[in-house]
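As the structure is a prediction and not an experimental result, all values here were calculated from the model.
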Amino acid sequence: MTSWQRHRATLDTALETIRTRSYWSPHPEHPKAYGDGSTGAAAFAALRERGRFEAPGQPGTDAWVGAEVSPYGFPLGITYPHPDPDVLLPAMLAGVPAWRDAGPERRALTCLEILARIADRTPEFAQAVMHTTGQAYVMALQAGGPHAQDRGLEAVAHAYAEQTRLPGHTEWAKEQGRRGTLRMTSDHTPVPVGVSLLIGCNTFPTWNGFPGFFASLATGNPVLVKPHPRAVLPLALTVRIARETLAEAGFDPNLVALAAEAEGEGSARTLALRPEVALIDYTGSTEFGDWLEQHAVQARVFTEKAGVNTVVIDSTDDYRGMLGNLAFSLSLYSGQMCTTPQNLLIPAGGITTENDGHRTFDEVVADLAGAVNRLLGDDTRAAGLLGAIVNPAVTERLERATGLGEVALASRTVGHPEYPGATIRTPLIVKRKEPVESEHFGPIAFAIATASTRDALDVLRRTLRTRGAMTVSGYTTAPEVERALVGVCLDERAQLSLNLTGGVFVNQTAAFADLHGSGGNPAANAALVDAAFVTPRFRTVQVRRPG
């Protein structure tokens with residue numbers, strides 16, 4: 001059995017799981033499964049010591065670039081190949097015929113071999129993600145490792161399922177009476193559409209990057225990876241492993257290539273408009289996402305942009321559980337997630353609880369602030385949950401937000417026991433009477449007093465329609481309120497979580513079981529991962545012959 005054939009059972013399980021949408025992962029998420037982390041730390045140190053990140057055999061390198069600085073307070077000191085696209089892009093396309101002719105199964109299983117080799121180096125990826133995004137180590141290991149690998153596997157399964165929906169070969173006959181019988185045979189071949197450009201993000205380079213990367217590669221397209229200049233290393237490791245695997249499997253390694261950029265270059269704009277580029281995957285600001293959708297008209301553009309994630313609090317049968325769940329959601333990775341709640345809509349007259357009586361608006365906000373303080377009271381624990389602020393723009397936004405209302409919970413600075421250069425901040429909660437209609441990325445939440453729950457639902461509908469949201473959360477014990485809340489989210493095509501009080505949080509989604517985004521509101525035009533995410537990446541060509 002070849003290395004790629006050994007993954008057939010994994011592919012079969014993934015295919016069944018995308019049908020049932022149940023929970024499944026072949027990648028362990030507990031840190032103990034990966035040892036004490038020393039192997040990853042040693043590999044990361046070796047990369048820094050070596051300095052130049054070679055991409056053996058990648059053509060068109062005209063310079064070496066890179067200026068990553070760890071949010072934990074030190075420069076990485078690694079440089080990467082900067083490509084000449086006039087040389088690199090034709091070389092990438094040269095390998096397409098053999099990759100296309102390999103067929104969906106061979107491509108899928110080769111992609112699974114790439115993922116397996118990435119999984120074998122999870123501790124190294126954890127260090128790379130931690131020191132480019134500011135995620136705490138455990139989160140970097142989980143989100144940047146097994147959870148990202150699960151999303152990549154999910155994309156491969158969807159790609160395989162859609163490419164094999166039509167049979168590869170068919171025969172048909174049509175009786176013509178005295179004229180005899182017409183017979184035809186047809187071959188159906190899924191074919192790629194062109195170069196796929198992955199524009200990486202700063203905060204979740206692998207988790208957000210792997211779905212598009214593997215969906216495009218599994219459907220036969222070469223993938224050009226343009227990482228965020230502050231988070232190159234995780235995707236550079238991905239490219240290197242993919243190239244090595246492709247070469248060993250007998251394919252052109254130039255089917256995957258790295259396009260690091262010089263400081264201030266903005267190469268994503270130039271690459272996005274290249275005629276060879278037919279697919280673009282992007283996670284980041286609404287401004288640039290809108291630009292891509294408006295200008296890269298030769299490509300199918302998949303965007304995840306900014307939204308205003310909203311929580312509607314009407315009533316609860318587990319007040320303390322609700323507060324604890326919200327406190328964790330606001331604190332995880334310092335709110336630097338596209339799924340973190342921002343606007344908390346609470347009736348000005350307060351809410352009802354099953355065991356704690358009626359709570360006024362001010363009491364709910366004060367109790368939530370107290371839950372955050374209890375969660376983050378120990379600095380060591382806080383640092384492990386908050387991670388580091390990813391870039392200075394987040395800190396600046398945090399400081400400006402204090403002027404947007406009455407501060408109910410001030411953000412404080414937390415020291416890191418190992419990295420004194422890290423900037424770590426606890427969440428800020430600001431009370432307001434008017435909704436905030438723009439995203440404030442970072443540890444910033446607004447408690448907004450609405451006239452009633454009905455008014456909160458109106459605010460939610462308006463926000464979803466104009467700004468969109470990656471997540472909506474609701475708390476209610478009233479069936480009529482639940483029906484109305486579900487109705488708003490169905491109307492505006494937003495993903496909803498109801499009455500989360502335990503160990504499942506609104507800003508976390510599991511591959512296979514959960515959809516990330518819907519593709520149906522302004523926050524994103526695609527969902528991770530569904531059939532619509534993979535089908536535009538290939539076309540089926542029919543060749544007919546007389547039977």
* **Nearest-0.5 Å distance that lies between atom CG in Asp317 and atom CD in Glu354** => 5.0 Å
* Arg117 side, atom CZ; Leu112 side, atom CG - distance, nearest 0.5 Å -> 12.5 Å
With the threshold set at 4.0 Å, does a side-chain nitrogen-carboxylate oxygen contact exist between [X] and [Y]?
X: Lys226; Y: Asp281; answer: no
X: Glu105; Y: Arg8; answer: yes
X: Lys305; Y: Glu293; answer: yes
X: Glu154; Y: Arg21; answer: yes

* To do: Could you give me the CA-CA distance, side-chain angles and deciding distance for Glu113 and Arg6, then say whether salt bridge (Lys or Arg N to Asp or Glu O under 4.0 Å) is met?
  => CA-CA 9 Å; Glu113 175 65 15; Arg6 68 188 176 98; 3.0 Å; yes
Any donor-acceptor pair under 3.5 Å from [X] side chain to [Y] backbone:
X: Ser334; Y: Leu386; answer: yes
X: His228; Y: Gly200; answer: no
X: Asp150; Y: Ala511; answer: no
X: Gln336; Y: Tyr333; answer: yes

For a quick check under 3.5 Å, do [X] and [Y] share a side-chain donor-acceptor pair by atom type?
X: Thr353; Y: Arg320; result: no
X: Asn254; Y: Arg243; result: yes
X: Asn507; Y: Thr339; result: no
X: Thr122; Y: Gln149; result: yes

* Ring geometry between Phe210 and Phe213 (parallel below 30°, tilted from 30 to 60°, perpendicular above 60°) -> tilted
* Which of parallel (below 30°), tilted (30 to 60°) and perpendicular (above 60°) describes Tyr419 and Tyr72? -> tilted
